[in-house]
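Letters go in sequence order (proteins before strands), and every chain restarts at 1.
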Amino acid sequence: MNCRSEVLEVSVEGRQVDEAMLALVHTILLHRSTGKFHYKKEGTYSIGTVGTQDIDCDFIDFSFVRVSSDELDRVIRKAVGEFKDAMGNGTDGMGQISLEFYQKKKSRWPFSDECIPWEVWSIKVNVVNLANEQERQICREKVGEKLGEKVINIVEVINRHEYLPKMPTQSEVDNVFDTSLKDVQPYLYKITFQITDTLGTSVSTTMRRLIKDTLAL
Amino acid sequence: MDSDLSPQDKKDLDKFIKFFALKTVQVIVQARLGEKICTRSSSSPTGSDWFNLAIKDIPEVTHEAKKALAGQLPGIGRSMCVEISLKTSEGDSMELETWCLEMNEKCDKDIKVSYTVYNRLSLLLKSLLAITRVTPAYKLSRKQGHDYVILYRIYFGEVQLTGLGEGFQTVRVGVVGTPVGTITLSCAYRTNLAFMSTRQFERTAPIMGIIIDHFVERPFGNMGHMHPCNYRAPAEEEGGYTGVEDSQEVCTTSFSTSPPSQCVSALSTAHLKSLKPAVMDTLKVPVMSLGFSHQPPVLVGAADFCHPSTLNAANPHQMGIPGKEGGVPQQVPVQPCHAAQAEHARASSCLPNDHVPAVPSGSGEDAEASSRSTDGKSVSPRDVMETTFTRKVGAFVNKPGTQVTTASLDLPFAAFAPRAYDIEENDPMVQPPESPATSSPLQGSLHSQGSGESGVPAQDDFVMVDFKPAFSKDDLLPMDLGTFYREFQNPPQLASLTIDVSSQSMAEDLDSLPEKLAVYEKNIDEFDAFVDTLQ
């Protein structure tokens, strides 16, 4: 099974980075989250209900829908915040956030579980600095339109109905879904990012993360 | 084709398609209410959340959808469409987008109905939630209120896209293959939002530019079926699943972890039967209070949707929190688009039971909601009789002959006060039928945006205003500011600055210089004496 990989690119102003990333990551997660599973006897399970919430962006003329889960929102905001910090303030730059959905495959001891990605979304961000308010106003609208196009792209990919992990049994559910949240259950995912500074050299902070994840049992 | 599908699967599939269609309509209309939607996630399934999504059911919308479907299901050649249009306060309307739920012949025989189809339909609904915020109509709908409202219309059958103007774009939300065909959901939206008004007397700034193709003949002129995308809290008795028998069915909530071929779905017509069906009657309101729902979407929508709603069938009352209804300063009456209102009211008087406003009328415990909803009921006959209306004209327009009575009032802005009686009468949102229309000049001026008309005979198309600037009273000059300005706009030239054509030319000036100098030299003593006095 090959991992599906999709790339989205946006150009934003410094203060729009957070919201743009949140919008796209939440849109993807909306489609990749289900309600909580409740397993019953006889191998059946029922699924909880996913609520949705409209979010308006402050720096972009855009609104998006996310899953109604404050916990999930906190996790995503934290990751996006770290990305924003790594991108630096006020400087032009390029970076990339990767949202990877994976399945865990249990390995025998002493080997740790394998993480097999089945879908990776790479969101490339190009940060620009604008000189005056008029340009910023235009940027607000333009970025809003661009994000709209990206949402349409996301929806298009998702509705191809390509590979999705099989619904797991109760014992396997943690290998497919992130069951740590109280109210919703997204597929197992991880968020990583890379920053490319203006000189074009790549500074990867993901390596540390990836190593940490792999070592975590 | 059908022989491949077991009866249970066929039944399930029909049910899924039906509820998918209903939920699709709900999502689209709710996305155009003009407010942010917020529903709560629930880890314990309630059994009433179709497709595992918390999507509220607005009763009127469900009712309209069912009426349009008339017992049929979207199928091949039978599409369900939701048309979203915009209507300005002047009565101009424009189709913004059409959402189409269609089915084509491409079948996926191997797909499992209760499992894969259900989950994919759920995914498609999520995609619909996302896409409805992306089309241009979303932003417009968020700003609706005073100047324009957003209306929806549901129809079944052939898709009609001619009203979208040239160059409309299509976005495909998604597809789901089923054993009986492939369901596709798409949206065609207008891109040309600039429109041109052909009304020359329109002085006020157009809302979004100028109207272009407004006067195109609508091929299927079912204007009467438009409904405002606007929602009020249902009265307490109504509940969330009013009088709709089959909405009482619980959706599939149980799945099997065994291979998909052994899916178990639990369906039961359970606890919802306890709801009172009595409210059926309230939906037969013969009113077409075509909204001028100036009803700021603040109305119930916000209170409603942001309140965590669990769609718990047992507690439908959680949906209705009309807390914010009082928020708007006494329902600034809607723009005097009485033309449209009268027109539609007339339409409704012919078809009394066809049109349902988005106002659930009914004796609600909430007095305000009920007063408004009964407004809806009673506005029709009044509107039919009340054919006079006034058009807005700009302020600062010169008024010919006929003087205006209220213009002589000393009140500032008195001249701008429209015939508030009219406005108040016609606006169902303002006056409950019981209380008489109270006219207040200030109230009128608030909504009229500076256009005035007072005491003008109804037959005039134009309403001219005698311009009376606020706080100006002219005792000194018997003229108003406009006249004054025009008179003194071109003052006469100063004498010293006029150049007399017959005066000497430059050369002659130079020639006369020596003579002048001689004269000055003669009088030099006088000049010296003068200078001494200055020191």
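- Side-chain atoms of B:Ser41 come within 3.5 Å of backbone N or O of A:Ser68 as a donor-acceptor pair.
- Within 6.0 Å of atom NZ in A:Lys150, more than 12 heavy atoms from other residues, nucleotides or ligands are found, so the atom counts as buried in its surroundings.
- Nearest heavy atom pair, residue B:Leu129 against residue A:Val65, reads O-CG2, 3.5 Å.
- The shortest distance between side-chain heavy atoms of A:Phe64 and B:Val134 does not fall below 4.5 Å.
- The salt bridge (charged side-chain N to carboxylate O under 4.0 Å, His left out) pairs that include a residue from residues 14-27 of chain A are A:Glu13-A:Arg15, A:Asp18-A:Lys84, where partners are two or more places apart or lie in different chains.
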Subject >> CA sep, side-chain torsions, deciding dist, call: A:Glu156, B:Arg172, side chain to side chain contact (heavy atoms under 4.5 Å, CB included) >> reply: CA-CA 8 Å; A:Glu156 205 179 354; B:Arg172 194 168 77 163; 6.0 Å; no
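- When the candidates B:Ala31, B:Gly177, B:Gly174, B:Ser127 are compared by the number of heavy-atom contacts under 4.5 Å with chain A, B:Ser127 comes out ahead.
- Per-residue counts of heavy-atom pairs under 4.5 Å with chain B were compared for A:Leu147, A:Asp61, A:Thr27; the largest is that of A:Asp61.
- Contact of B:Val175 with chain A is made through backbone and side chain together, with heavy-atom distances under 4.5 Å.
- Contacts with chain B (heavy atom to heavy atom, under 4.5 Å) involve these residues of residues 48-56 of chain A, listed by number: A:Gly48, A:Thr49, A:Val50, A:Gly51, A:Thr52, A:Gln53, A:Asp54, A:Asp56.
- Considering only heavy atoms from C-beta on, B:Asn52 stays 4.5 Å or farther from A:Thr34 through its side chain.
- Residues B:Leu123 and A:Ile158 form a side-chain contact, since some pair of their non-hydrogen atoms from C-beta on lies under 4.5 Å apart.
- The heavy-atom pair separating B:Arg133 from A:Ser63 by the smallest distance is CB-O, 3.7 Å.
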Subject >> Stepwise side chain to side chain contact (heavy atoms under 4.5 Å, CB included) test for B:Leu124 and A:Asn159 >> reply: CA-CA 7 Å; B:Leu124 189 52; A:Asn159 274 274; 3.6 Å; yes
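- Atoms OG and NZ, on B:Ser42 and A:Lys182 in that order, are 12.0 Å from each other to the nearest 0.5 Å.
- Looking at every heavy atom in both residues, B:Asn119 comes nearest to A:Met167 through ND2-CE, 4.5 Å.
- A:Ile47 contributes atom CD1, which lies 13.0 Å from atom OG of B:Ser43 (distance to the nearest 0.5 angstrom).
- Closest of all the heavy-atom pairs between A:His31 and B:Lys126 is NE2-C, 3.7 Å.
- Interface residue A:His38: only side-chain heavy atoms are found under 4.5 Å from chain B.
- Using a 4.5 Å heavy-atom threshold, the side chains of A:His161 and B:Thr116 count as separate.
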